[in-house]
Every structure is written in C-alpha cells, then in structure tokens.
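As the structure is a computational prediction, the values presented were derived from the model and not from experiment. Order of appearance sets the numbers: ligands from 1, and atoms from 1 within every ligand. We use all heavy atoms of the structure for the numbers below, so side chains are in, but hydrogens, waters and symmetry mates are not.
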Amino acid sequence: MNTPGDKSVSHRALILGALANGTARISGLLESDDVLATADAVSRLGASAGRIGPGVWTVKGTGGRFEDAASSLDFGNSGTGARLMMGAVAGTGASARFIGDASLSARPMGRVTEPLVQMGAAIAAEADRLPVQLNASTLKGIDYRPPVASAQVKSAILLAALGATGETIVREDHATRDHTETMLKLFGADLTVESEGHGRIIRLTGPQTLTACDLDVPGDPSSAAFAAVAALILPGSDVILRAVMTNPSRTGLYEALARMGADITFLPAGQASGEDIADLRVRASQLSAIDLEPDIAPSMIDEYPVLAVACAFAKGTSRLRGLSELRAKESDRLAATQAMLAANGAEARIDGEDLMITGGEVPGGGNVITHGDHRIAMAALVLGLAAHGGVSVDDINMIATSYPAFIDDMTALGAMIEAIE
Ligand code: S3P
C-alpha cells in the first residue's frame, strides 16, 4: 500500500513555501481537508499555492511579507494549521482573524498566543479559544519553555522568530516532532538544535528570509498506523506499507507494538525532504499487553486510539500512562477511546491519566460515537475488522481531514466497510 503524505510535513511545506523567496515545488502533498485549509490560508495572505497534478503543488512565496487577510482564515478542524499559521502570520507583521469548526473552536489556543504576545504580537481572543484576531506588530525574540510538550507550540514560536529581532530560544522538556526544524534548514534557515535530557534546546536569531526549495513529502506514520494495527490483529495478514517516515519523534507506536510482540520489519527506502523513510512489512501477530511509560507520548501522541485497539486483542492487561494531553485533541480522545472499546464489549477503563485495557476476544456490535474525531473513526473501523460482530461508527466524513483515501486503502487490503443508510 502506498502511504499518504505526512500531514505535519504537508502543512509545513505550504507554510514555509509561503514565507520563502521564490517558488517551492512540493510532490506527495497530502490533499486532505486540513492541509487544503492551510493552502487556502496562505493564498489569501498573498502567497500563491496552486495544484499542478495529483499531490503536486507549487507555492510562490512572499519573501516573508504576508498581506493582511481580507476575511477570516478558516482552518476547519486543523489545530496544526491554525497554530502554526498564527506564528507565521505574527512574524510577517500581517493582520488576520483565525476561525475553525466546532471542534477546533473548543481547543486551547493560549498555549500559542501567550508566547506570541510575549514576543510582541497584538492578539485579541476570548478565553483561550478561537476566534483569534492577530493585528500587525513587530516582534522580538524570547527565551521560552513551553509548559506542554507540543510541536505545534514550538513550531509557532520558531516561525514567528523568523520575523522577530534577536535570538529566540525554545526549551523543550520532552522532544517533540522536529519537522519544522528539519524543513527550516532545507529552506536555508540558520538555527541550532541541542539535546538536553529528554528534551531539546532550539535557537534561531531573526530576522531571516527563507529560500524556496523542492520537497517530496514522506508517508505519514500516523496514517500507516491503522493498516499496521489491522494487519497485526487479523490472522493471516501480511502487508507492505510503503515509504513511511521513520523519524524517531514519530515512531513511538511502532516501538510500543514491537515490545508487544508485533512482527514489523523496517526496510530502509532512503529519504524524502530530509526525513528517513522505510517500507514496513507487517504480519499478523499474537500481541501481549504493555505497560507504556508517559515519556513515549510525544512520539505517538496521535496513535493512542489505534494502539488501544491493538491492546484490546493483546494477552493481558495494558496500562497506557500519562494521557492527559489526549483530552485537548480533536475530541477528548481519552474518553472517546475508552468509550469506543467499552461500547464493543472490550474491557477498558480510565484510571487518573492512564488508560487500562484488558485484551481478549472483542464481541463488537456497538455503535461508536466519534465526536467528529477522524482518528476515533478510523480506530473504530479497525476494531470492527477484528471484532466478532463488526463495529459501526456514527460518522466517517471527517476522516477526510487527515486521510481521504482511508476507506479505499483499507478496502484494497481486504476490509469490508459499508454505509448502513
Ligand atoms: C502536530 C503536533 C501534535 C499532533 C498533531 C500534529 C504537528 O500536536 O497531535 O496531529 O504537526 O506539529 P501537539 O503539538 O498539540 O502535541
């Protein structure tokens, strides 16, 4: 199976392309609703993002000078688009109003607006939520330690720092995905990254102007996760998932599955846009339960719903620790994941910040409330493939925010997924 383009890298390719001097050519762009919202936003700020073929786009950059947005920028369901673009817009000194759908409007924005205000951004928002109005201002560098492990927060600050005067330092207690740092270097930026304990210190002195380059988006390990877990829990499966990005800041799920006894082989396949990629061969495996430490969370933050599905078929009781950040995702993913399993007869309970799951046979037959969350919908459908009575979900339309080809890809692998009305 060809893995769809990585969502995080796709957003960043469009945003850095829009900030750069010159025209960037991007191939393998994930054309999902979230990423298309970012393409639309950068175009309305004066960059011109255009599709020249399937997954192939060009972005004519602004050289760091965005225009004021004439109307609100709508990021739909996408926290990554909204939060990274707040940093990018603030750094260019442009004005824009940020809005999103009901789910995004319920998610915390203060984690990004607070450091941006410290840098000098003029921001009006009520109670930590969208809509956010960002008004033109000049920025200065800051020395900042984000209170939550978040690549979105780090990235927003680094993008703003490109247009700020002086040095910006971001001190991460726990290293999060580093695609922004890698791609900034591809665009010619001068920044340093230093390890410190479990974390990293990133330094960037502004102002700096990026230079456009060509990019090839690697496959998304978070999207590949669904087919990987399906193959593990369905007896007789043997699938190859092609060109999956293997950046260690994204492969926590695969490490966890390996510890559970999963038969997954990584066949290195070179690089795409500075990121290592591999073809993954996944064969059905008898899994055993895992006690998963909280430190691994940043490297698999989006994969807990589908890991929970794997745990529901593993021998023994798993404990997935330290999941409070899941409550700030597209839905309260901790509650939604537990409810998804419980509705289908699997034994799952929340204990403080931990999710406990006892594996075995899953009766299925339940209807899963997705709360409009794409990863809950996809995880539930994977659960349904191996549960005795199948699983139904209340909505699949939002799967297009991250993985528009999900149903087609899973069907091609042998899944039977059908509309019931
Ligand atoms: C992302 C970072 C993560 C992740 C999201 C994508 C990114 O969010 O959940 O899907 O592209 O930087 P946080 O930074 O909020 O952890």
Query raised in the report: Can you list the ligand 1 atoms lying under 4.0 Å from a non-hydrogen atom of A151?
Result: 12 (O), 14 (O)
Query - Minimum non-hydrogen distance to atom 7 (C) of ligand 1, winning option of R12, R250, K7 - result: R12
Report summary line: Taking only non-hydrogen atoms of T80 and a 4.0 Å limit, the atoms of ligand 1 in range are 1 (C), 5 (C), 6 (C), 7 (C), 11 (O)
Report task. Answer with yes or no whether K154 contacts ligand 1, where contact means a heavy atom under 4.0 Å from a ligand atom. Result -> no
Query raised in the report: Would you say N344's side chain and A346's backbone share a donor-acceptor pair under 3.5 angstrom?
Result: no
**Report entry** Check: S318 side chain, I290 main-chain N or O, donor-acceptor pair, under 3.5 Å
**Finding:** yes
Query raised in the report: Are D6 and R177 close enough, and set up right, to give a salt bridge (Lys or Arg N to Asp or Glu O under 4.0 Å), and what steps lead you there?
Result: CA-CA 12 Å; D6 185 71; R177 64 190 71 189; 5.7 Å; no
Report task. Please determine if R375 has a nitrogen or oxygen closer than 3.5 Å to a nitrogen or oxygen of ligand 1. Result -> no
Query raised in the report: Considering only protein heavy atoms, which is closest to atom 14 (O) of ligand 1, and at what distance to one decimal place?
Result: S150 OG, 2.7 Å
Requested in this report: Kindly write out the residues that satisfy ring pair (Phe, Tyr, Trp, His ring centres under 6.0 Å) with H174, not counting sequence neighbours, or none if the list is empty.
Outcome: H198
Report summary line: atom 8 (O) of ligand 1 sits nearest the protein heavy atom K329 NZ, 3.1 Å
**Report entry** Donor-acceptor pair, side chain of Y254 and main chain of P221, under 3.5 angstrom
**Finding:** yes
Query raised in the report: For ligand 1, which atoms sit closer than 4.0 Å to a heavy atom of D302?
Result: 4 (C), 5 (C), 9 (O), 10 (O)
Query raised in the report: Are any of the side-chain heavy atoms of T401 and S32 separated by less than 4.5 Å?
Result: no
Query raised in the report: Counting both backbone and side chain atoms, is some N or O of S155 under 3.5 Å from an N or O of ligand 1?
Result: no
Query - Any R250 side-chain heavy atom under 4.5 Å of E275 side chain - result: no
